S.K.: 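Could you have a look at this structure, given as structure tokens, before my questions?
Letters go in sequence order (proteins before strands), and every chain restarts at 1. Reckoned from all heavy atoms, side chains included, excluding hydrogens, waters and symmetry mates. Remember, it's a predicted structure, so these values are computed and weren't measured experimentally.
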There are 2 protein chains.
Amino acid sequence: MYRRRDSQRDQLVAEIANELRQYSVDAQHIGHAFAGLHGLNPTDLHALIAVMDAELLGTPLTPGRLGEQLNISSGSVTALVDRLERAGHIRRDRDTADRRKVFLHYADRGAALAMEFFQPLGRRTDRVMADFSDAELEIVHRFMTTMVTAMREYRDAVRAARPDPPRRPAG
Amino acid sequence: MYRRRDSQRDQLVAEIANELRQYSVDAQHIGHAFAGLHGLNPTDLHALIAVMDAELLGTPLTPGRLGEQLNISSGSVTALVDRLERAGHIRRDRDTADRRKVFLHYADRGAALAMEFFQPLGRRTDRVMADFSDAELEIVHRFMTTMVTAMREYRDAVRAARPDPPRRPAG
DNA sequence: GCGGATAATCTCGCCTGTCGAGATACTCGA
DNA sequence: TCGAGTATCTCGACAGGCGAGATTATCCGC
């Protein structure tokens, strides 16, 4: 395998993969630190963002859906929603049509917190993107779109895998 | 602000920011699910990757450094390293020069697990990148490099912030 | 309108990870 | 050798997550 041309490209690919990994690790650390800073745990922050996302899309989350997204049990969801509601971040609202359902809406405090989280982040990403032309951003956009799709596939694959493999060293 | 030309670009910027966010969320979910699949928790997986990274760079991690990277207490680090060592993922090695120090090296099982984690991921990212020319990947590379730098700045800023703000609703 | 099946959420007891202060082991300079 | 400083580990307390079962509400056939 002495394709000299490709080794250059291979290195490029490896570096990008590495950067993607670093990015996600850093993002995780940021979430962790920010959550701790405000007396939340990572799950709480995650949930808060999910609730906002869903509501901004016009399809408010129910506890059940939230649990699916976060991959946590129903009992944990109740505790989670309790915490967030008690802290004034979100609000529970019964669906008038189907009164078994509960919709989660973010409250003022939750919106403020999310903004406080995303604004500095947005400022930084904007500053980065300012150095790129429209055409370049188009490429980045295309890249990220397909990458997100690929990640979601992997996520679903991992989630679908057997949750109980035999991995004891001594059976 | 009626710069019509920019509204197109603004939308592009917003979409990329959104994709970056989705990417990191998905990455977190993948880590969470994969860890659970193998009887670990997210911190364990995170630590395992950090240990491998450091070792591949030729500067093995110590428990103290690991705790800094993960932003967890010394007590948690000990428990974490105990778990990983007990499961055969990593190994403790005393520094011969300064016997207070402990170096963390990954063991076979840890290497296998990391590979099992990264290989499917790598296959997917490779497949995505195959659809991009060298020039395009260069752009993506430049983008990710600066983005990672920006994220790291934000991370450090959040970590440096006061860890105990007065946020009780009723004093 | 009534009763059983179904669905969404909540309650409860247990387990595990994390914290943080203090103990222990080691190094270095005087 | 002594004492200050550093790295790691120990221990008790607390909080989040799990998952089975209880609770409340809806749907459907009669």
Side-chain angles (χ1 to χ4, degrees), chain A residues 28-29 31-33 35-48 51 54 59-87 89-105 159 163-164, chain B residues 28-29 31-33 35-48 51 54 59-87 89-105 159 163-164:
Chain A
Q28 241 172 107
H29 285 159
H32 184 91
L37 193 60
H38 292 86
L40 306 174
N41 60 51
T43 305
D44 292 359
L45 181 62
H46 217 161
L48 189 56
V51 168
T59 58
L61 233 46
T62 64
R65 285 290 176 201
L66 180 60
E68 283 172 21
Q69 279 203 28
L70 270 53
N71 226 23
I72 60 177
S73 69
S74 69
S76 304
V77 171
T78 301
L80 165 66
V81 173
D82 282 351
R83 281 198 302 276
L84 290 178
E85 194 172 33
R86 204 179 320 120
H89 292 310
I90 66 172
R91 199 162 29 82
R92 268 184 250 236
D93 262 334
R94 288 253 168 219
D95 186 356
T96 51
D98 185 345
R99 291 184 48 74
R100 291 171 304 180
K101 285 186 183 170
V102 168
F103 285 132
L104 304 175
H105 301 286
R159 283 193 177 169
D164 192 16
Chain B
Q28 243 172 106
H29 285 159
H32 184 91
L37 193 60
H38 291 85
L40 306 173
N41 60 51
T43 304
D44 293 358
L45 180 63
H46 216 162
L48 190 55
V51 167
T59 58
L61 233 44
T62 65
R65 285 292 176 201
L66 180 60
E68 283 171 21
Q69 278 202 30
L70 270 53
N71 226 24
I72 60 177
S73 69
S74 71
S76 305
V77 171
T78 300
L80 164 66
V81 174
D82 282 351
R83 281 198 303 275
L84 290 179
E85 193 172 35
R86 204 179 321 121
H89 292 309
I90 66 173
R91 197 162 31 80
R92 269 185 249 234
D93 262 333
R94 288 255 169 217
D95 186 357
T96 50
D98 184 344
R99 290 184 50 73
R100 292 170 304 178
K101 286 186 183 170
V102 168
F103 286 131
L104 304 175
H105 301 286
R159 283 193 176 170
D164 191 16

S.K.: I'd like to know if the side chain of B:Arg94 and the backbone of B:Arg100 have a donor-acceptor N/O pair within less than 3.5 Å.
M.R.: yes
S.K.: Determine whether A:Gln69 and A:Leu61 make a side-chain contact, defined as any pair of heavy atoms from C-beta on separated by less than 4.5 Å.
M.R.: yes
S.K.: Please report the distance, rounded to the nearest Å, between CG in B:Leu40 and C1' in C:dG17.
M.R.: 13 Å
S.K.: Ignoring hydrogens, what is the shortest heavy-atom contact between A:Pro42 and A:Ala35? Give both atom names and the distance.
M.R.: N-CB, 4.0 Å
S.K.: How many whole angstroms separate atom CG of B:Asp95 from atom P of C:dC26?
M.R.: 13 Å
S.K.: Can you confirm whether more than 12 heavy atoms, excluding those of A:Arg65, are under 6.0 Å from its CZ atom?
M.R.: no
S.K.: Could you state the atom-to-atom distance from CZ of B:Arg83 to C1' of C:dT16 in whole Å?
M.R.: 8 Å
S.K.: Does anyone know the first and last nucleotide of DNA chain D in reach of chain B, 5' to 3', at under 4.0 angstrom to a heavy atom?
M.R.: D:dG5 to D:dT10
S.K.: Give me the distances for all protein-to-nucleotides 6-13 of chain C N/O pairs that come in under 3.5 Å?
M.R.:
from: C:dA7; atom 1: O4'; to: A:Arg100; atom 2: NH1; distance (Å): 3.0
from: C:dT9; atom 1: OP1; to: A:Pro63; atom 2: N; distance (Å): 3.4
from: C:dT9; atom 1: OP2; to: A:Gly64; atom 2: N; distance (Å): 2.8
from: C:dC10; atom 1: OP1; to: A:Arg92; atom 2: NH1; distance (Å): 2.6
from: C:dC10; atom 1: OP2; to: A:Arg92; atom 2: NH1; distance (Å): 3.2
from: C:dC10; atom 1: N4; to: A:Ser74; atom 2: OG; distance (Å): 2.8

S.K.: Heavy-atom distance under 4.5 Å between the side chains of B:Leu70 and B:Leu80, does that happen here?
M.R.: yes
S.K.: Counting C-beta onward and ignoring hydrogens, is there a side-chain heavy-atom pair between A:Leu40 and A:His89 closer than 4.5 Å?
M.R.: yes
S.K.: Within the 4.5 Å heavy-atom criterion, are A:Arg92 and A:Val81 side-chain neighbours or not?
M.R.: yes
S.K.: State, yes or no, whether a side-chain contact exists between B:Thr78 and B:Pro63 at a heavy-atom distance under 4.5 Å.
M.R.: no
